[in-house]
Amino acid sequence: MCRAERAERGRFSRHYAGLIVGATLGGLWPSVGWPAPADPIPAVDLSPTRQILYQWTDRAPLEAVPAGSVTPSFRASYFAAVSDQQRGGASVAIDVEGARFDLGAAWAPVEGVSVEVALPLLVYYDGVLDSLVDAIDRAVGTPSPQRKDRGQNVYSFLVESPDGTRFEPDSGHLGLGDLALGGRYRLLEQDLGGWTPDVSVSGALELPTGDSSLAHGNGSVDFGAEVEAGRSLGDFRLSVAVGLVVPGGLPDGLDGFDTRVSVSALGAVGYTLADAWGLIAQVDYRQAPYQGSSLDVLASDSSELTVGLRWEPRGGALGVDVGFVEGLVNGASPDFSVVSSLRYRFSLDRSASP
């Protein structure tokens, strides 16, 4: 074999060796900029008293999306909550089912920055799923005796403060919630060979656009800040987040109670089943945003377990989520809820692909 032939064969071998190594590393560490199908399922605590105030949605770090990208989204949630308690001169009687529809959009003016807006639609009513919820609670070992005592599918939403002030929203009114405006900055990007994770920081401002008398908001401005981090290890994706919320106040009828600065945290593990499918399990923690009350629905910290499935074809233009959420603290969060979401990314630059 002549020297030229050996050199050509060497280049051929190095080329395919490089492809093999690249494919192996690509399997271990997904390319930077590709959104992971195994990121957390977006969800909030749907307890009616917690929805009055701003909450951070369970989520991963900001993706490395191109400048000019726009991502509209829609999230639908259904939940059942019950709480019946009298303590310290205050009382609560909540037995509702409800739905929440979140309309949102995100815009990347430059790469690594996202400007976001979200507007919920809320409704509470008597519901039809009490018997099913009771069966699920018993199956997972968190039965609610309060649900059994109150009867099947009976609407109740009453919170009474020690001074006798009553907060009693009517049933069945679909209306706007409080408008949330936010900004995110991608602080760090996961590297291919080291251990640097994806990290982003977020800020939020919630404006009082909802009817506070229907528990669709608090009638005040809330503020929030959060740090999110994520790391892909092979087919697994680990995500954590820590957030802070500063409530602006409470609606008339709840002015006998006080709010406080509260923290939240999220831990999630996702597994990529295939190129477009992800299985996610996550637990969130939310410190009670109320203080000075002995009622669990106000004063107890809440925690929820979410198990979900995501379909997100490679490239991340389209994403669909479905998740089941089980409350881990009776009275502080809904007994159970179901959440689904849909989002689609496109570019304002017609010459760029989504």
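Between L309 and W277, some side-chain heavy-atom pair lies under the 4.5 Å cut-off. Considering only heavy atoms from C-beta on, Q51 comes within 4.5 Å of L46 through its side chain.
Using bins of under 30°, 30° to 60° and over 60° for the plane-to-plane angle, the ring pair Y78/Y125 lands in the perpendicular bin. Note on ring orientation: taking the six-membered ring where Trp is involved, the planes of F167 and F157 are perpendicular (angle over 60°, cut-offs 30° and 60°). Using bins of under 30°, 30° to 60° and over 60° for the plane-to-plane angle, the ring pair F79/Y124 lands in the perpendicular bin.
Side-chain atoms of S200 and R186 form no donor-acceptor pair, as typed in the model, at a separation below 3.5 Å. Defined by atom type and a distance below 3.5 Å, a donor-acceptor pair is missing between the side-chain atoms of R286 and S264. Between the side chains of Q55 and D45, no donor-acceptor pair is found at a separation under 3.5 Å. Judged purely by distance below 3.5 Å, without hydrogens or angles, the side chains of D178 and Y54 never pair a donor atom with an acceptor atom. With 3.5 Å as the limit, one finds a donor-acceptor pair spanning the side chains of T165 and D163.
Under the 3.5 Å distance criterion, the side-chain polar atoms of Q190 are matched with a main-chain donor or acceptor of S232.
Counting heavy atoms of neighbouring residues, nucleotides and ligands inside a 6.0 Å radius, atom CZ of F74 exceeds 12 of them. At most 12 non-hydrogen atoms from other residues, nucleotides or ligands lie less than 6.0 angstrom from CD of Q86.
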Salt bridge (Lys or Arg N to Asp or Glu O under 4.0 Å) between D258 and R260, worked out: CA-CA 7 Å; D258 295 321; R260 66 175 180 181; over 6 Å; no
I'd like to know whether V338 forms a side chain to side chain contact (heavy atoms under 4.5 Å, CB included) with F336, so could you lay out the CA-CA distance, the side-chain angles of the two residues, the decisive distance to 0.1 Å, and finally the verdict. CA-CA 7 Å; V338 175; F336 107 107; 3.7 Å; yes
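Using a 4.0 Å cut-off between charged side-chain N and carboxylate O, R75 and D321 make no salt bridge.
Just one residue in the list L250, L254, V297, L295 forms a side chain to side chain contact (heavy atoms under 4.5 Å, CB included) with T49, and that residue is V297.
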Residues 104-118 side chain polar contacts: donor-acceptor under 3.5 Å, at least two apart:
residue: S114; atom: OG; partner: E116; partner atom: OE2; Å: 3.3
residue: E116; atom: OE1; partner: R59; partner atom: NH1; Å: 3.1

